[in-house]
There are 2 protein chains.
Amino acid sequence: MKLTPVMEKFILHWGEMGTRWGVNRSVAQIHALLLMSPQPLNAEEICQILSLARSNVSNSMKELSGWGLVKTVHVLGDRRDHFTTLKDAQETFNIIVEERKKREIDPTLAMLKELSAELDTDKNADKEVKERINNMLSFLEMMTSWYDKMKKLPNSTLVTLVKAGTTIVKLIGKG
Amino acid sequence: MKLTPVMEKFILHWGEMGTRWGVNRSVAQIHALLLMSPQPLNAEEICQILSLARSNVSNSMKELSGWGLVKTVHVLGDRRDHFTTLKDAQETFNIIVEERKKREIDPTLAMLKELSAELDTDKNADKEVKERINNMLSFLEMMTSWYDKMKKLPNSTLVTLVKAGTTIVKLIGKG
DNA sequence: AATATATTTCACTTATTACTGAAATAAAAA
DNA sequence: TTTTTATTTCAGTAATAAGTGAAATATATT
C-alpha cells in the first residue's frame, strides 16, 4: 500500500500525540495506519510502510492487542496474521477510556482507600491530610460510579445526552 | 517538614501515575507533596523532603505553574518563594482536563479539519478515508462542544448532574 | 556600591525507554 | 521429516528524557 499525503499527515500527528499519552510512537503510528487502511495489513506490510523493524511491529501489535484496539484476522490462502482496528471514533474512545480507568484510576482508588483506612485507625493523624485524601477518594468514587452507569447505555443514547447538553440542567432544575 | 507514612505512600503513587500521563516523576511528586502539605513550602524544603536537586525543583515548579496547578505565595519576612497547590480534587481535575484539551485535542481538531478540507478538494480521494477522518472530526467536535457547555456550569451543578446519573436518561425519554 | 541570598540556566551525567537485527521458536507445506 | 515461512524473544544499541551541580543571573539587604 502507498500512503497518500493525507494518510501520512494523520499518521505522523497520531504518533506525536501518542507520545504525550504514554504510548510510544511506533504503537500510535501503527494504530493510525490501521485506522486509515481500507484492508487489514500484515506485519510485513506495516514494516515496509512505516519503516519499522519486524520485531518492533511484533511487539507493537501485542501492545495494541493488550489495549483491545487491534484484531488479528486471516486472509484466505495466506498463513500470515493480518491486523485491523475498530474504525469508529466513539467505540475507540470507549475502549481507551475503559483501559485507562483499569490501569490508572482503579489502582489509585485502591491506594486512597488503603490510606483512608490507615488514617482512620491513627489517632494523631493530621486532620487536614485526612480531609484531602477523603476529598480525592470521594471525587473519584463519584466519577467512577457515574462512568459505570454511563457505559451501560448504548452509544446512541450517549450521543443524545451529549447533544442535549445543558438543556438537561433546566430539566433537573439547577444552574 | 517530616513525611508521615501515609504522605509518603501518596507521593510515591502519584509519582508513578504521573509518568503514565506524560508528566515526569519529580513534577508529579512535588504536586503530591503540595497537595498533602498543610503550609506552602519553599523550594529548599521541597528539595530536602523529596531529595531532589535545587535545579530540578526550580524547573518542576515552572512546569507546574505552566499547568496552572501551583501558585507562588509569600510568607511575611521571608524573601523566598513559597508554593501551594489547589486542594480540591474537582477543581484540580477541571484544570488538568482544560490543559490537556488545549495541548492535545485542539491541535488534533485543527489537523483533522485541515485534512478534511484537503480531501474535499481532492477528486480521487478514497471515500473510506474521507469517511473516517470526518467521523473522527465530528466525534471530537461533539465532545468539545459538550465540554464547553459543561465547563460553564458551577461545580455544584455538575455534581448534581453526575449524581443524577442515568435518571436523566429517563427524563429525556431514551434508553 | 558591596554583600548576601534566592533563583535560573546550562553543560553534563544518569536513567529510562524505544528500536533493531540476529537467533530461537513455532507453525505449516512439501 | 525436512524445508520453508511466520512470529517472537532477547541482547545490545540508539534515542530521549530526567536529574544534577556549578556557574550565572537576579533580587534584596546592609
Side-chain angles (χ1 to χ4, degrees), chain A residues 11-12 14-34 39-67 70-84 103-104, chain B residues 11-34 39-67 69-84 103-104:
Chain A
I11 291 168
L12 291 174
W14 212 241
E16 293 317 311
M17 282 304 142
T19 61
R20 299 209 181 185
W21 284 84
V23 176
N24 82 47
R25 187 172 288 114
S26 310
V27 170
Q29 285 185 349
I30 293 171
H31 182 225
L33 171 60
L34 292 177
Q39 318 90 24
L41 298 174
N42 64 49
E44 209 54 62
E45 290 172 307
I46 296 172
C47 291
Q48 185 256 309
I49 296 169
L50 300 178
S51 314
L52 299 173
R54 183 65 186 76
S55 53
N56 189 358
V57 171
S58 175
N59 291 324
S60 297
M61 294 334 288
K62 211 187 268 177
E63 173 83 6
L64 284 167
S65 305
W67 279 83
V70 154
K71 275 183 202 130
T72 305
V73 296
H74 286 94
V75 171
L76 229 90
D78 193 334
R79 291 164 50 187
R80 293 168 298 181
D81 289 344
H82 288 242
F83 305 97
T84 17
R103 297 171 188 212
E104 291 145 21
Chain B
I11 291 168
L12 290 175
H13 180 95
W14 212 243
E16 294 316 313
M17 282 303 143
T19 61
R20 300 208 182 186
W21 284 84
V23 176
N24 80 49
R25 187 172 288 113
S26 311
V27 169
Q29 284 184 351
I30 293 171
H31 182 224
L33 170 60
L34 292 177
Q39 319 91 22
L41 299 174
N42 64 48
E44 210 54 64
E45 290 172 306
I46 296 172
C47 290
Q48 185 256 309
I49 297 168
L50 300 178
S51 314
L52 298 174
R54 183 64 186 77
S55 52
N56 188 359
V57 172
S58 174
N59 291 325
S60 298
M61 294 334 287
K62 211 187 270 178
E63 173 83 6
L64 285 167
S65 305
W67 279 83
L69 286 171
V70 156
K71 274 184 203 130
T72 305
V73 296
H74 287 92
V75 171
L76 228 88
D78 192 333
R79 291 167 49 189
R80 293 169 297 180
D81 289 344
H82 288 242
F83 304 97
T84 18
R103 296 171 189 213
E104 291 146 22

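Note that the structure is a prediction, hence the values are computed from the model and not measured.
- Contact of the I30(A) side chain with the M61(A) side chain is registered, since non-hydrogen atoms from C-beta on lie closer than 4.5 Å.
- For dT9(D), neither phosphate oxygen OP1 nor OP2 lies less than 4.0 angstrom from any side-chain nitrogen or oxygen of S58(A).
- Summarising the geometry, the separation between CD1 on I46(B) and P on dG19(D) is reported as 14 Å, rounded to the nearest angstrom.
- Taking atom CG of residue L76(B) and atom P of nucleotide dA28(D), one finds them 15 Å apart after rounding to whole Å.
- Defined by atom type and a distance below 3.5 Å, a donor-acceptor pair is missing between the side-chain atoms of D78(A) and H74(A).
- Counted by atom type alone, S60(A) and N56(A) present one or more donor-acceptor pairs between their side chains at under 3.5 Å.
- Between the P atom of dT5(D) and the CG atom of N42(A) lies a distance of 15 Å, rounded to the nearest Å.
- Look at R25(A) and you won't find any side-chain N or O under 4.0 angstrom from OP1 or OP2 of dA18(C).
- When the P atom of dT5(D) is taken as reference, atom CD of E45(A) falls 17 Å away, rounded to whole Å.
- Of the listed nucleotides (dT20(C), dT8(D), dG21(D)), dT20(C) has the atom at the smallest distance from the side chain of L52(A).
- N56(A) has a side-chain polar atom (N or O) that falls below the 4.0 Å cut-off from OP1 or OP2 of dT20(C).
- The phosphate of dC19(C) has OP1 or OP2 within less than 4.0 Å of a side-chain N or O from N24(A).
- For K62(A), no side-chain nitrogen or oxygen approaches OP1 or OP2 of dT7(D) to under 4.0 Å.
- No contact: T19(A) has no heavy atom under 4.0 Å from any strand.
- Checking dG21(D), dT27(D), dA29(C) against every side-chain atom of R79(A), the shortest atom distance belongs to dA29(C).
- Atom CG in D81(A) sits about 12 Å away from atom C1' in dA26(C), given to the nearest Å.
- Regarding E16(B), its CD atom lies at a distance of 10 Å from the P atom of dT16(C), rounded to whole Å.
- Look at CG on N59(B): it is 14 Å from P on dG21(D), rounded to the nearest Å.
- The distance between atom CZ of R20(A) and atom C1' of dA17(D), rounded to the nearest whole Å, is 15 Å.
- No donor-acceptor pair closer than 3.5 Å links the side chain of R80(A) to the backbone N or O of V75(A).
- In the model, T72(A) has no side-chain atom that pairs as donor or acceptor with a side-chain atom of D81(A) under 3.5 Å.
- Closest to the S55(B) side chain, of the nucleotides dT9(C), dT7(C), dA18(D), is dT9(C).
- At a cut-off of 3.5 angstrom, the base of dT7(C) holds no donor-acceptor pair with the side chain of R80(B).
- Proximity of S26(B) to the phosphate of dG19(D): a side-chain N or O atom is located under 4.0 Å from OP1 or OP2.
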